[in-house]
Amino acid sequence: MAQSTAKYNFLYESPTGQLSVCIDEGSITKIIWLDQAILATTETSPSKLINKKLKRKIISVLDDYFESGLIEPEISLRPQGTLFQKKVWQALKRIPSGAVKTYGDVAKELHSSSRAVGQACRRNNIPLFIPCHRVVAAKGLGGFMGGYRHVERKRWLLQHEGIL
DNA sequence: TATATATTGTTGT
DNA sequence: ACAACAATATATA
């Protein structure tokens with residue numbers, strides 16, 4: 001059958017905590033750690049509308065990632081953002097597993113500034129698939145998920161990928 | 001070495 | 001128009 005057009009989400013238990021994965025028309029639109037969000041009940045639809053094939057695929061990709069540290073970005077993503085943000089996120093997806101860039105590096109690539117890149121990173125809706133955790137400050141780790149409060153998670157991910 | 005200030009591009013109000 | 005920011009380079013002691 002054609003892909004479900006329903007907007008729905010499901011939960012995934014990861015070593016870093018419970019993730020909520022939101023999907024709309026066959027694409028991932030948002031991933032958040034549950035303690036971040038007040039929730040997504042409005043985005044949940046009855047299970048009969050769920051495209052089970054897509055769901056299984058996403059779960060298997062996440063399983064692989066938390067197993068090996070390698071992410072397989074063959075899943076359709078639909079982030080919403082400005083043109084500049086999309087350019088940044090596009091650049092992030094080109095960072096291979098096991099590598100990191102600084103905000104300054106990415107900025108140079110886009111002829112922008114490090115601070116602007118940070119702004120774009122913080123508004124990334126799809127962590128893991130868009131590897132915003134692979135962008136660090138020139139000295140130190142930089143922030144994660146909007147502030148400095150969740151750098152633990154960032155450190156965990158980088159450690160998991162063999163950096164640090 | 002450490003701390004302060006200047007400069008920076010993009011975004012939200 | 002303006003203030004805020006997941007930064008960084010430069011000055012100052």
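So that the names make sense, note that chain A is the first sequence line, chain B the second, and so on, each numbered from 1.
- Using a 4.5 Å heavy-atom cutoff, the side chains of L128(A) and L157(A) are in contact.
- Of the residues in residues 136-143 of chain A, A137(A), A138(A), G143(A) come within less than 4.0 Å of DNA chain C through at least one heavy atom, sorted by number.
- Residues D63(A) and S60(A) bring no donor and acceptor atom of their side chains to less than 3.5 Å of each other.
- With a 4.5 Å cut-off on side-chain heavy atoms, D105(A) and E109(A) do not count as touching.
- For the pair F10(A)/I23(A), a side-chain contact is recorded, criterion being any heavy-atom separation below 4.5 Å from C-beta on.
- Residues R153(A) and M145(A) have side chains not in contact (no heavy-atom distance under 4.5 Å, counting atoms from C-beta outward).
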Scan nucleotides 8-13 of chain B nucleotide by nucleotide, 5' to 3', and note B when protein non-hydrogen atoms come under 4.0 Å of the base, S if they reach only the sugar-phosphate, - if neither. SBSSS-

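- Between L92(A) and C132(A), some side-chain heavy-atom pair lies under the 4.5 Å cut-off.
- Judged as a side chain to side chain donor-acceptor pair (under 3.5 Å), and not counting sequence neighbours, K87(A) has no contacts.
- In this structure, K57(A) and E72(A) have side chains that are in contact, with non-hydrogen atoms separated by less than 4.5 Å.
- F129(A) is listed as a side-chain neighbour of L62(A), based on a closest heavy-atom distance under 4.5 Å.
- Contact annotation: Y148(A) side-chain N/O to dC5(C) OP1/OP2 distance is not under 4.0 Å.
- Other residues, nucleotides and ligands contribute over 12 non-hydrogen atoms within 6.0 Å of the CD atom of Q18(A).
- In summary, the side chains of Q90(A) and R94(A) do not present any donor paired with an acceptor at a separation below 3.5 Å, with no hydrogens or angles considered.
- When rounded to the nearest whole Å, the span between CZ of R155(A) and P of dA6(C) equals 18 Å.
- Remark: DNA chain C takes part in the stems B:1-7 with C:7-13, B:9-13 with C:1-5, each of 3 or more antiparallel Watson-Crick or G-U pairs, criterion distances under 3.5 Å.
- K154(A) places a side-chain N or O within 3.5 Å of a backbone atom of V135(A) that can act as its donor or acceptor partner.
- Qualifying side chain to side chain donor-acceptor pair (under 3.5 Å) partners for E161(A), counting only residues two or more places apart in sequence or in other chains: Y65(A), H133(A), R134(A).
- Within a heavy-atom distance below 4.0 Å of DNA chain B, no residue of residues 94-105 of chain A is found.
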